[in-house]
Each structure stands twice: as C-alpha cells, then as structure tokens.
Amino acid sequence: MLQQTQVSRVLDFYERFLSRFPDLKSLASAREGAVLAQWRGLGYYARARNLHKLARRVVREEAAVYGGVLPTSPRELRALPGVGAYTAGAVASFAYEQRAALVDTNVARVLKRCFAPALHPKRARDLARLWLIADAVLPRSGRAGWTHNQALMELGALVCTARVKHCGKCPVRTLCRSADGELG
DNA sequence: CTCCGGATCC
DNA sequence: GGATCTGGAG
C-alpha cells in the first residue's frame, strides 16, 4: 500500500484491509473482486492484484517451497509479484531483520543530499549508485540495519523532506554536503 | 521510459 | 497548477 502513496493516506485502508484479510491464507482464499473492493479508493490497483497473486503463490502454488510463509532473503522476495527492490529490502530488513539495504523515495533523497548531491534519483543509472551507497553505509548486523534503515526513512519523512527541508534540526547536518545554514 | 490514482503540500 | 508521496510492471 505504501508504494508511491503517503503513510497518512494508507493508515485507514491498512486497518480495514487487515481486518478483512488478517493473514496470507485468508487473502489467498478470497476472490480477486473482494480484494479490489477493499482497495477501492486507494488507487494503483495493480498493487492489489499483485498482492492477491502473491498470497496465492505463497500459500497454494508453491506451498512446498515457501510453506505458506514469505521468504526472508531480498532475492527470493524480489521474485514475488509486486515486490521490487525496495519492498524486498524493506521486508527483509524490517520484518526479518536481515542485513538488507533499502532505497525508497525518502532514502534516495537523504543519501543524495548527504553524499552525492549531483545524482538524479529519477535516472536508473543514478538510482543504482544510490543503492551502492546505501549498502556501503549499512551496519554489519541485521539488527543494527533495522534501526539504521528506520532512521534514514524517518530523516527523509520528517527532516530532510522534499519541499521544505529543515537542515537546522538535522542530526547529520555537519557531515551533509547539501546542508543549509551557517554551519557547514 | 511510460503508466498507474488520488490526496495533499506549496 | 505542479510536485510529491516508504514503486513496480509492461
């Protein structure tokens, strides 16, 4: 749901959706129409269809492989419908505490401003470089990586925002290559 | 690279 | 009015 959609907008849909489909099994046994009905109003309906396919694949078709549970490595997650590089990294890091980098729109902006101001995250070439930076600054352990990734995303969501950045309140302004203000 | 939804920010 | 939002598929 959070793919290209603001958290504040997702919250209500998330609660209602999980109330209707509490786990992968219930989602897999539902009709696609029922899933889309819960999704109505949120937009990007391919996400709903992909999530439904994912549930059926994990629970039914490849139950022998997955055992009804999501895999833990980014590479395996990436192979599932609707799961790209970001979502794979987010699930591996946040759900399973694996050591995995993740670059969403927030992290891309933070890393760009902090380490590589000349890059343009919209270009695939430059985004790939930001992924390399994300991996380079990622702590060794999965547990520390969880905190690190949460911190990067929070920084992007609350301080290093897209429209109005708040460099004066930023904890890493002294090492940021794009920071405003009298401090460098 | 384009398309996909719609609320919200500026 | 345009940009932006915890992207991914065709």
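The sequence lines fix the lettering, A, B, ..., with proteins before strands; numbering per chain opens at 1.
In this structure, a donor-acceptor pair under 3.5 Å is absent between the side chains of A:T147 and A:Q150. For the residue pair A:R109 and A:N106, a side-chain donor N or O sits within less than 3.5 Å of a side-chain acceptor on the partner.
Scanning atom types as modelled, no donor and acceptor separated by under 3.5 angstrom connect the side chain of A:R163 and the base of B:dC10. For A:T5 and B:dG5, a side-chain-to-base donor-acceptor distance below 3.5 Å is present, hydrogens and geometry of angles not being considered.
Counting non-hydrogen atoms under 4.0 angstrom, A:V83 reaches the backbone sugars and phosphates but no base. Here A:A157 lies out of heavy-atom contact (under 4.0 Å) with every strand. In this structure, A:T87 reaches the sugar-phosphate backbone alone: every heavy-atom distance under 4.0 Å involves primed, P, OP1 or OP2 atoms, never a base. Nucleic acid contact for A:R40: none, since no nucleic acid atom lies under 4.0 Å from a heavy atom of the residue. Within the 4.0 angstrom heavy-atom criterion, only backbone atoms of the sugar-phosphate kind lie near A:T105; the bases stay farther away. Within the nucleic acid shown, A:A46 has no heavy atom closer than 4.0 Å to any nucleic acid atom.
Here A:Q3 does not reach the OP1 or OP2 of C:dG7: none of its side-chain N or O atoms lies under 4.0 Å away. For the pair A:R78 and C:dA9, the criterion of a side-chain N or O lying under 4.0 Å from OP1 or OP2 is met.
For A:V172, the side-chain contact (heavy atoms from CB on, under 4.5 Å) partners are A:L155, A:C170, A:L175, not counting sequence neighbours.
Comparing A:V164 and A:G41 by the nucleotide of DNA chain B whose heavy atom lies nearest to each, the residue mapping closer to the 5' end is A:G41. Both A:K53 and A:L2 lie near DNA chain C, and the one whose nearest nucleotide falls closer to the 5' end is A:L2.
Rounded to whole Å, the distance from CG on A:L102 to P on C:dG8 is 11 Å. Taking atom CD of residue A:E154 and atom P of nucleotide C:dC5, one finds them 15 Å apart after rounding to whole Å.
Comparing C:dG8, B:dC4, B:dC10 by their nearest atom to the side chain of A:Y44 picks out B:dC4. If you check B:dG5, C:dT4, C:dA9 against the side chain of A:Q6, the one that comes closest is C:dT4. Distance from the side chain of A:R47 is smallest to B:dG5 among C:dG7, B:dG5, B:dC10.
Salt-bridge formation is detected for the pair A:D135/A:R99: a Lys NZ or Arg NE/NH1/NH2 atom is positioned less than 4.0 Å from an Asp or Glu carboxylate oxygen.
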Trace of the side chain to side chain donor-acceptor pair (under 3.5 Å) decision for A:T87 with A:Q3
CA-CA 8 Å; A:T87 302; A:Q3 289 169 2; 3.1 Å; yes

